[in-house]
There are 2 protein chains.
Amino acid sequence: MEAPHCKFETVLEILVGKWKPVVLFHLFSNGTMRFSELQKAIPDITKKMLTQQLRELEYHDIVHRKIYHQIPPKVEYSITEHGKGMSTVLQAMNDWGMSHLSHLNELYGEERSVESFEGRLDEFTKDKE
Amino acid sequence: MEAPHCKFETVLEILVGKWKPVVLFHLFSNGTMRFSELQKAIPDITKKMLTQQLRELEYHDIVHRKIYHQIPPKVEYSITEHGKGMSTVLQAMNDWGMSHLSHLNELYGEERSVESFEGRLDEFTKDKE
DNA sequence: ATACCTAGTATACAAAAAGATACCTTTTTG
DNA sequence: CAAAAAGGTATCTTTTTGTATACTAGGTAT
């Protein structure tokens, strides 16, 4: 059975936040991106949220922030070496996540998607046998 | 560099929630547990929260709920077969998480812990460089 | 002189998640 | 008759997250 001996919460700490997955996705895919490029890539995010999520990732040394002292300002973000080490974990999460999605499809039918989880949950919460 | 091609969010969906990690930890460790045993194992959780987290895990077919139709009621929770398949992911998260913790310790000093992340973040948010 | 550029910050507000507390069920025990 | 037992639900309040909007800095182009 292999009980995991706790502390996967550390990874959660890093990834939790509405926009962190997308931000990471873009940085992992594109390498180095400016603040404004990230904004364009994630149209619905506000500056405040983008800044916040980036700062949290920077705190965990997942993302590096390079400031060019110019006017107008230029700031580039990229995945740190330490951050790259997380990619195997993300890959593992991704792979199992995919198979989990098809498992959910088997259970609840095809008209499922990650976004519609909540709606389904309500129905489910009602007692059944 | 190996860019993870997205959708690790599915795993986040399952694990996010203040009490999910602890609940899973106990179920993975102890096998089958009654509602009240979980409550005792996690003293600060309220019934409402425990129920909610369990229902969400049940929805994802990670946790199974077995009802004994007795008075007083008896309900047992356990990890499903599908849920056991997640243990490798949790293990990966756990392992990298541990190394990440020591990395943080190198960066910020020993008086660090998972719980004190936030306090540190505030200091960090202020511009540096 | 004014507008524009980028990468933010400040402030106020709305929405979502979590906490506190009380109540319900049905049978057995005192 | 009242209390206890286990596993909840209902309702309300508080806390945490996220959104919307306006504003800033300092130099360049018009």
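Every chain is numbered from 1 and lettered A, B, ... according to where its sequence line falls, protein lines coming before strand lines. For clarity, every value in this text was computed on a predicted model and none was experimentally measured. Just so it is clear, the values below take in all heavy atoms, side chains as well, and ignore hydrogens, waters and symmetry mates.
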Distance in angstrom units between [X] [atom1] and [N] [atom2], rounded:
X: E56(B); N: dG8(D); atom1: CD; atom2: P; result: 15 Å
X: K74(A); N: dG27(D); atom1: NZ; atom2: P; result: 18 Å
X: I67(A); N: dA25(D); atom1: CD1; atom2: C1'; result: 14 Å
X: H69(B); N: dG8(D); atom1: NE2; atom2: C1'; result: 14 Å
X: L50(A); N: dA7(C); atom1: CG; atom2: P; result: 10 Å
X: F35(B); N: dA6(D); atom1: CZ; atom2: C1'; result: 9 Å
X: M33(B); N: dA6(D); atom1: CE; atom2: P; result: 14 Å
X: Q70(A); N: dA7(C); atom1: CD; atom2: P; result: 9 Å

(request) Any strand is fair game: report the nucleotide pairing with dA10(D) by Watson-Crick or G-U wobble, both distances under 3.5 Å, or none. (result) dT21(C)

(message) Using side-chain heavy atoms (C-beta onward) and a distance below 4.5 Å, is M93(B) in contact with L12(A)?
(response)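 Yes, their side chains come closer than 4.5 Å.
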
(message) Looking at Y77(A) and E58(A), would you say the former's side chain and the latter's main chain have a donor-acceptor pair under 3.5 Å?
(response)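 Not confirmed, Y77(A) side chain does not pair with E58(A) backbone.
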
(request) For W96(B), check ring-ring contact (aromatic ring centres under 6.0 Å, His included) against everything at least two apart and list the hits. (result)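 ring-ring contact (aromatic ring centres under 6.0 Å, His included) check on W96(B) returns H82(A), H100(B).
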
(request) Sorted by first residue and then second, give each side chain to side chain donor-acceptor pair (under 3.5 Å) pair with at least one member in residues 19-28 of chain A; sequence neighbours left out. (result)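 Of all non-adjacent pairs touching residues 19-28 of chain A, those that pass side chain to side chain donor-acceptor pair (under 3.5 Å) are K20(A)-E56(A).
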
(request) Let me have a per-nucleotide readout for nucleotides 13-24 of chain D, 5' to 3', with B, S or -, counting only protein heavy atoms under 4.0 Å. (result) -----SBB----

(message) Over all strands shown, is Y77(A) touching base, sugar-phosphate only, or nothing at heavy-atom distances under 4.0 angstrom?
(response) sugar-phosphate

OP1 or OP2 of [N] less than 4.0 angstrom from a side-chain nitrogen or oxygen of [X], does that happen here?
X: S36(A); N: dA7(C); result: yes
X: R34(A); N: dT6(C); result: no
X: R55(B); N: dG8(D); result: yes

(request) Among dT6(C), dG7(D), dG8(C), find the nucleotide with the atom closest to the side chain of P73(B). (result)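 That would be dG7(D).
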
(request) Would you indicate which nucleotide in dA5(D), dG8(C), dT6(C) comes nearest to any side-chain atom of P72(B)? (result)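 Given the options dA5(D), dG8(C), dT6(C), the side chain of P72(B) is closest to dA5(D).
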
(message) I need the full list of salt bridge (Lys or Arg N to Asp or Glu O under 4.0 Å) pairs touching residues 43-52 of chain B, with sequence neighbours left out, sorted by first then second residue.
(response)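 As it turns out, there is no salt bridge (Lys or Arg N to Asp or Glu O under 4.0 Å) pair with a partner in residues 43-52 of chain B once direct neighbours are skipped.
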
Atom pairs and distances, side-chain donor-acceptor, residues 32-43 of chain A, under 3.5 Å, sequence neighbours left out:
{"from": "R34(A)", "atom 1": "NH2", "to": "P73(A)", "atom 2": "O", "distance (Å)": "3.3"}
{"from": "E37(A)", "atom 1": "OE1", "to": "R34(A)", "atom 2": "N", "distance (Å)": "2.7"}

(message) Using the side-chain hydrogen bond (donor to acceptor under 3.5 Å, both in side chains) criterion, which residues pair with Q70(A)? Sequence neighbours excluded.
(response) none

